[in-house]
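Step one of this worksheet: look at the structure below.
Chain identifiers are assigned alphabetically (A, B, ...) following the order of the sequence lines, protein sequences preceding nucleic acid strands; residue numbering begins at 1 within each chain.
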2 protein chains.
Amino acid sequence: MEIKVAIFEDNKKLRESLKELINTAGMVCTGAFPDAANLIRNITFSMPDVVLMDIHMPGISGIEAVQIIKEKFPAVRILMQTVFEDDDKIFAAICAGASGYMLKKTTPQKMLEAVEETYQGGAAMSPSVAGKVLQMFRSQSSIAKHEFIQLSEREKEILGLLVNGKSYKAIAAACFISADTVSTHVRHIYEKLHVHSKSEAVAKAIKQKLV
Amino acid sequence: MEIKVAIFEDNKKLRESLKELINTAGMVCTGAFPDAANLIRNITFSMPDVVLMDIHMPGISGIEAVQIIKEKFPAVRILMQTVFEDDDKIFAAICAGASGYMLKKTTPQKMLEAVEETYQGGAAMSPSVAGKVLQMFRSQSSIAKHEFIQLSEREKEILGLLVNGKSYKAIAAACFISADTVSTHVRHIYEKLHVHSKSEAVAKAIKQKLV
DNA sequence: AGTAAAATCACCAATTCAGGTGATTGTCGG
DNA sequence: CCGACAATCACCTGAATTGGTGATTTTACT
């Protein structure tokens, strides 16, 4: 089925060409609006899968619009579109629930790909925006330096259950294996984490976000 | 000038085709290695602008390699390449200093674009990976509701030692009290936290920031 | 085809833990 | 002064944990 796209963009020329672009690419533009007035009604009527949202609009800003849309229509995926690449705007857009963030200088071809990817559940970002996100991400989590710890799937599963306070016996039951096997896995986990007790393992798992 | 690319990839076939791809796209592959042995030497000789790094390699893992490269050659930009899209691997790679993270199922064309974007200072990410990053990003800014837990000074002290993985005996020694007293305190802590094991207490202590 | 890692199970010893009971201080506020 | 509570210690029992050795099977990669 065709991807239904709604456009919010105050520049008329750009709005029209985006509409044109969408419609000639096997998708369908079910609405193109110059601002976020009557937002709920416009979304309800156009029933979009993906919203292309300009950050800078008269009246309600694109970021506020994202918050409102995400609250009322959580399933709708939103691709921000803007000329700005300030950290705070990017941050605000992501926290508001945007699924992607493209710069307007992006080529039409890439923009279409981005809409497609957004529809399919991915996050489309212009590389420079993505770079800023990684930067922010690192600065937020620079509290503990992360050793790289390679646990097998099973080990991660068991570590998760350990963190939840399960005993070997309970883990054995949950994983359909014997308590002896749990013990073996736990021993391997301890070796990889360089710890010698459950509490150390649990503490490390949480601090290093292994679970 | 041509972009110089070094490849780390344990699978020989893939390594050769990547090399081929790079060389036929106006870039130059200055090195292709099956593992991270002699990492420093190989980087020094190949002088790459961009490193294509497989996460899963025998010996030193790709993530450890990233840490080492970033430490010795901060200017080198690294594009991770892997079949895995586990949160923890992505997280570790980003924190280690990777500039991008592409899935191996990515088309050769997109892979070349990614190398190009990486070289130009952007961050190339497969959309599904980018989605996970946004997810992690949002979840980091969320705050856990905290119950009202009133621990005595001594209890907080002992809980802290528990979180650090100390045994009752070690705690007894550290606090100059008997192991039996530690046991009593721990019992009281469990009651106040509504838990029944060391691991649960440790997990709760960390999540509620009691320590 | 052959090696390496992961996952599985078993047996075993020594230690640790969880929770029950009971008791002695010291401190604080009413 | 008394009751409540924190802090201290002791003894006990059954269950859980840690860590060692050894082995089989499956899966993945070379």
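Here A:R187 lies in heavy-atom contact (under 4.0 Å) with a base. Here B:K12 lies out of heavy-atom contact (under 4.0 Å) with every strand. Looking at heavy-atom distances under 4.0 Å, B:H196 makes contact with sugar-phosphate atoms alone, never a base.
Ring geometry for B:F91 versus A:F137: interplanar angle over 60°, hence perpendicular rather than tilted (30 to 60°).
Contact check, A:H185 against C:dT8: a side-chain N or O comes under 4.0 Å of OP1 or OP2. Within the 4.0 Å cut-off from OP1 or OP2 of C:dG19, not a single side-chain nitrogen or oxygen of B:Y190 is found.
Atom NZ in B:K169 sits roughly 9 Å away from atom P in C:dC17 (whole-Å rounding).
DNA chain D is contacted by both A:V195 and B:H56; A:V195 maps to the nucleotide lying nearer its 5′ end (nearest heavy atom per residue). The residue among A:K166 and B:E153 whose nearest nucleotide of DNA chain D lies closer to the 5′ end is B:E153.
In this structure the side chain of A:M125 reaches within 4.5 angstrom of the side chain of A:V133, judged on heavy atoms.
Here the CG-CE distance, from B:L21 to B:M27, works out to 8.0 Å after rounding to the nearest 0.5 Å. Here the CZ atom belonging to B:F8 is positioned 5.5 Å from the CG atom belonging to B:N42, to the nearest 0.5 angstrom.
With sequence neighbours left out, B:E200 forms a side chain to side chain donor-acceptor pair (under 3.5 Å) with B:S197.
If you check D:dA16, D:dT18, D:dA7 against the side chain of B:E155, the one that comes closest is D:dA7. Picking from D:dT8, D:dC29, D:dT17 the nucleotide with the shortest atom distance to the side chain of A:K198 gives D:dT17.
Contacts between residues 174-184 of chain B and DNA chain D, counted as heavy-atom distances below 4.0 Å, involve B:I177, B:S178, B:D180, B:T181, B:T184.
Nearest heavy atoms, B:A203 versus A:I206: CA-CD1, 3.5 Å.
Under the 4.0 Å criterion applied to side-chain N and carboxylate O atoms, A:D54 and A:K104 are assigned as salt-bridge partners.
Between the base of D:dT30 and the side chain of B:R15 there is no donor-acceptor pair shorter than 3.5 Å.
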